[in-house]
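Structure first, commentary second.
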Amino acid sequence: MLYAERKLPHSIYAALTGMRDTHPQRPAISFQLFSAPDAPARTLSWNDLHERVTETANLFSQLGIGRKDVVAYLLPNCLEAPITLIAGATVGIVNPINPLLEPEQIAGILRETGAKVLVTLKSFPKADIAQKAAAAVAMAPNVQTVLEVDLRRYLTGIKRLLVPLMRPKTPTRHHAKVMDFEAAASAQRHNRLTFDEVTEDRVAAYFHTGGTTGTPKVAQHKQSGMIYNGWLGGVLLFSERDVLLCPLPMFHVFAAYPVLMSCIMSGAHMVMPTPAGYRGEGVFDNFWKLIERWQATFLITVPTAIAALMQRQVNADVSSLKTAISGSAPLPVELYNRFKSATGVEIAEGYGLTEATCLVSCNPVDGMKKVGSVGVPLPYSHVRILKRRPDGFDECAIDEVGEICVGNPGVFEGSTYTEADKNHDLFAEDRFLRTGDLGRIDGEGYLWITGRAKDLIIRGGHNIDPAEIEDALLSHPAVAFVGAIGQPDSFAGELPCAYVELVAGTQVTIEELAAHARDHIHERAAIPKHIEILPELPKTAVGKIFKPDLRKMAIKRVYNAALADAGIAAEVTEVVDDKKRGLVARLTRKGAVDEQAVAECLGRFTRPWEWA
């Protein structure tokens with residue numbers, strides 16, 4: 001059956017209404033402010049959620065939001081985040097923004113999207129989101145209204161009474177009208193929309209890319225792409241009896257679409273532990289008990305979180321758990337094995353990207369998993385491996401590495417980004433989104449990612465633009481050239497590091513360069529963890545820094561340090577470029593070697609290795 005022939009809801013709101021009618025009193029979304037397994041929690045049924053979304057959409061409409069107007073939100077995880085996402089997409093275009101960004105970047109996104117309304121936090125102890133929002137709105141005069149969500153309503157007892165006395169001051173230099181979100185929304189009708197909902201397909205969301213550093217690009221998502229992601233989860237994975245524990249942020253497509261939209265299409269129950277999710281205080285220490293409390297059947301996770309969990313004993317009954325679904329960054333084989341050994345649960349690794357709305361491929365939850373691959377293309381996803389030539393593209397053979405190109409209902413052909421210039425040369429044959437990732441498809445149809453055509457550093461799922469690091473270090477008068485790359489890390493997948501070539505005749509210490517980097521790189525995640533001065537950086541014939549050689553140097557250094565720390569008599573003597581696997585470390589023995597110890601030591605990293 002063609003996808004277009006399937007009888008699917010015309011909008012997210014229509015899907016939500018259908019689930020309200022089918023399972024009105026079943027739990028839809030739960031949130032707990034604190035991480036303790038017995039901490040108070042708030043749960044909305046599907047009927048409750050429908051009412052909250054309806055009144056919020058009516059509020060946005062009253063504030064002047066139409067089908068082409070933008071509602072942005074700058075929120076941690078809380079019930080108001082998914083409510084705002086669905087309501088914003090119902091009345092106009094919703095624009096989630098990462099609260100970890102700096103005010104200047106937030107303002108840049110608000111100006112790029114032309115947001116009229118911003119939903120954010122009211123000033124709250126131990127949080128700086130309200131202050132960031134106020135500073136950003138001062139630099140984005142298009143924002144007319146700020147709606148404040150007060151987390152105090154999730155507190156009880158003495159803590160609730162103390163919040164007004166402990167609220168940090170929020171200097172306000174903008175002219176937007178500030179309103180209380182709860183009071184304004186609850187004053188609206190909650191049983192029907194007071195405006196005519198647009199029924200044809202349209203852009204309903206703007207998600208920024210670029211992680212926490214650099215200037216984010218803004219991707220456009222249509223209602224049909226959002227529904228496609230929800231349909232995949234609703235048909236292939238979840239039912240109304242499932243519980244999804246989701247500590248991922250609601251400003252990220254992974255949480256918004258494969259999780260939230262899948263719950264709307266299946267009736268599954270989504271649970272958000274703490275505003276900061278995995279970063280929340282005590283979340284990792286209480287995690288296994290949270291699974292037991294909520295009887296979670298699916299765990300939504302990323303490799304860095306799995307690594308942190310594996311440092312903690314499984315101290316609760318996690319027998320309800322069926323599968324863990326991992327994305328955002330490559331999953332080391334050793335980490336997969338450790339998780340399965342500790343929990344008895346398998347991890348299904350998948351692949352998606354903001355530019356494709358999200359989902360592209362996934363290892364079958366109930367079928368054969370190939371650990372290290374990102375599974376098979378999902379229904380109606382057409383994945384091609386292509387190589388560019390002057391007059392077009394060539395299809396790669398089985399196991400031949402090329403650029404991963406994607407066509408599916410989540411790809412907005414020709415208009416992926418809001419800025420038209422950024423869509424130039426983004427599509428192969430005017431249809432297939434060029435992801436910038438390098439990969440291959442094996443003889444059984446499984447997709448393997450072998451590297452990136454683009455040089456982004458992916459630290460625990462956050463994208464770091466190497467130019468941010470390079471520009472900062474190049475501002476030092478003694479620095480002539482800089483090459484910033486991601487070096488392997490057993491926890492974050494990659495950490496930023498920088499190789500430097502000095503101006504002839506100058507001298508500077510590593511410590512001085514590190515201090516300069518800290519002073520000139522505004523996002524802490526982008527500050528390089530390793531800086532090395534080389535006599536000369538490797539360069540191409542036209543003088544461009546040749547980063548593959550820098551990556552080889554970093555792999556050799558990091559792997560050899562790990563082997564030495566483990567007391568293993570082996571070393572990496574070279575790193576080679578394998579046509580199927582990408583960069584591969586080659587080891588030689590320096591004495592008697594425990595093969596299992598080597599496998600455990602280097603299995604924590606994502607790049608493969610072999611004996612020379």
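No hydrogens, no waters, no symmetry mates; every other heavy atom, side chains included, goes into these values. Keep in mind the model is a prediction, meaning the values are calculated, not measured.
Checked by atom type, the side-chain pair Asn423/Thr416 shows no donor-acceptor distance below 3.5 Å. Judged purely by distance below 3.5 Å, without hydrogens or angles, the side chains of Asn95 and Thr113 pair a donor atom with an acceptor atom. Remark: the Ser319 side chain and the Asp317 side chain contain an N/O donor-acceptor pair separated by less than 3.5 Å. A donor and an acceptor atom, one from each side chain of Glu112 and Thr418, are located under 3.5 Å apart.
Residues Ala268 and Phe238 approach most closely at CB-CB, 4.1 Å, considering heavy atoms. For the pair Cys405 and Leu386, the tightest heavy-atom approach, listed with the atom from each and the gap, is SG-CD1, 3.8 Å. Scanning all heavy atoms of the two residues, the minimum distance from Ala72 to Ala115 falls at CB-CB, 3.9 Å. Heavy-atom minimum distance, Ala204 versus Met226: CB-SD, 3.9 Å. Ile29 approaches Leu49 most closely through the heavy-atom pair CD1-CD2, 3.9 Å. Nearest heavy atom pair, residue Ala585 against residue Ile555, reads CB-CG2, 4.1 Å.
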Practice task
Go through the steps to decide whether Arg293 and Gln32 satisfy the test side chain to side chain donor-acceptor pair (under 3.5 Å), and finish with yes or no.
Solution key: CA-CA 12 Å; Arg293 172 189 184 169; Gln32 56 182 81; 3.0 Å; yes
Exercise for the section: Begin with the C-alpha distance, continue with both residues' side-chain angles, and end with the deciding distance and a verdict on side-chain contact (heavy atoms from CB on, under 4.5 Å) for Ile325 and Val259. Expected result: CA-CA 10 Å; Ile325 299 174; Val259 180; over 6 Å; no
Practice task
Could you walk me through whether Phe287 and Tyr278 pass the ring-ring contact (aromatic ring centres under 6.0 Å, His included) test, one step at a time?
Solution key: CA-CA 9 Å; Phe287 203 82; Tyr278 279 118; 5.6 Å; yes
Exercise for the section: Determine, step by step, whether Thr297 and Leu321 satisfy the side-chain contact (heavy atoms from CB on, under 4.5 Å) criterion, reporting the C-alpha distance in whole Å, the side-chain angles of both residues, the deciding distance to 0.1 Å, and the verdict. Expected result: CA-CA 4 Å; Thr297 55; Leu321 204 57; 5.9 Å; no
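A salt bridge links Asp425 with Arg434: the distance from a Lys NZ or Arg NE/NH1/NH2 to an Asp or Glu carboxylate oxygen falls below 4.0 Å. Residues Glu444 and Lys370 are paired through a salt bridge, judged by an N-O separation under 4.0 Å between the basic side chain and the carboxylate. Using a cutoff of 4.0 Å between basic side-chain nitrogens and carboxylate oxygens, Arg581 and Glu610 are scored as salt-bridged. A salt bridge is absent between Lys422 and Glu355; no separation between the charged side-chain nitrogens and carboxylate oxygens falls under 4.0 Å. We find that Asp442 and Lys580 are not joined by a salt bridge, their nearest charged nitrogen and carboxylate oxygen being 4.0 Å or further apart. Ion pairing between a basic and an acidic side chain is recognised when a charged N comes within 4.0 Å of a carboxylate O; Lys289 and Glu292 show no such pairing. Contact check on Lys387 versus Glu400 returns a salt bridge, with a Lys/Arg side-chain nitrogen under 4.0 Å from an Asp/Glu carboxylate oxygen. Classification of Glu403 and Arg388 as a salt-bridged pair fails, no side-chain N sitting under 4.0 Å from a carboxylate O. Ion pairing between a basic and an acidic side chain is recognised when a charged N comes within 4.0 Å of a carboxylate O; Arg459 and Asp489 show no such pairing. A salt bridge links Asp391 to Arg389: one of the charged nitrogens lies within less than 4.0 Å of a carboxylate oxygen.
Residues forming a side chain to side chain contact (heavy atoms under 4.5 Å, CB included) with Leu236 (at least two apart in sequence, or on another chain): Leu232, Leu378, Pro379. For Arg202, the salt bridge (charged side-chain N to carboxylate O under 4.0 Å, His left out) criterion is met by no residue, not counting sequence neighbours. Listed by chain and number, the residues in a ring pair (Phe, Tyr, Trp, His ring centres under 6.0 Å) with Phe254 amount to none (sequence neighbours excluded). Annotation: salt bridge (charged side-chain N to carboxylate O under 4.0 Å, His left out) contacts of Glu197 (sequence neighbours excluded): none. Considering only residues two or more places apart in sequence or on other chains, Glu5 meets the salt bridge (charged side-chain N to carboxylate O under 4.0 Å, His left out) condition with none of them. Remark: Glu349 engages no residue in a salt bridge (charged side-chain N to carboxylate O under 4.0 Å, His left out) (not counting sequence neighbours). The ring pair (Phe, Tyr, Trp, His ring centres under 6.0 Å) search around Tyr380 returns Tyr3, Trp231, not counting sequence neighbours. Residues that satisfy the ring pair (Phe, Tyr, Trp, His ring centres under 6.0 Å) test with Phe491, not counting sequence neighbours, are absent from this structure.
When atom types are taken as modelled, the side chain of Ser490 and the backbone of Arg604 share no donor-acceptor pair closer than 3.5 angstrom. At distances below 3.5 Å, not a single donor-acceptor pair connects side-chain atoms of Asn408 with backbone N or O atoms of Tyr228. A donor-acceptor distance shorter than 3.5 angstrom exists from the side chain of Glu494 to the backbone of Ile458, with no hydrogens or angles considered. Checking side-chain atoms of Asp21 against main-chain N and O of Gly18 turns up no donor-acceptor pair under 3.5 Å. Although no hydrogens or angles enter the test, the distance criterion places no donor-acceptor pair under 3.5 Å between the side chain of Asn363 and the main chain of Gly350.
Using the six-membered ring where Trp is involved, Phe207 and Tyr257 have ring planes that are tilted, between 30° and 60° apart.
The CE atom of Met270 sits 10.5 Å away from atom CG of Leu245, with the distance rounded to the nearest 0.5 Å. With rounding to the nearest 0.5 angstrom, the CD1 atom of Ile441 is 8.0 Å from the CD atom of Glu395. We find the CZ-CD1 distance between Arg440 and Ile385 to be 10.0 Å, quoted to the nearest 0.5 Å. Between the CZ atom of Arg52 and the OG atom of Ser45 there is a distance of 11.5 Å, given to the nearest 0.5 Å. Here Leu193 contributes atom CG and Thr90 contributes atom OG1; the two are 7.0 Å apart, rounded to the nearest 0.5 Å.
Pairs of residues two or more places apart, or lying in two chains, never qualify as ring-ring contact (aromatic ring centres under 6.0 Å, His included) while including a residue from residues 388-411. For residues 432-452, the ring-ring contact (aromatic ring centres under 6.0 Å, His included) pairs, not counting sequence neighbours, are His382-Phe432. Contacts classified as ring-ring contact (aromatic ring centres under 6.0 Å, His included) and involving residues 332-367 (residues at least two apart or in different chains) are not found. Screening residues 259-271 for side chain to side chain donor-acceptor pair (under 3.5 Å), with sequence neighbours left out, gives Ser30-His269.
Aromatic ring centres of His50 and Tyr13 lie closer together than 6.0 Å.
In this structure, the side chains of Cys358 and Pro258 come closer than 4.5 Å at one or more pairs of heavy atoms.
The one candidate from Thr450, Ile449, Leu438 that meets the side-chain contact (heavy atoms from CB on, under 4.5 Å) condition with Ile404 is Ile449.
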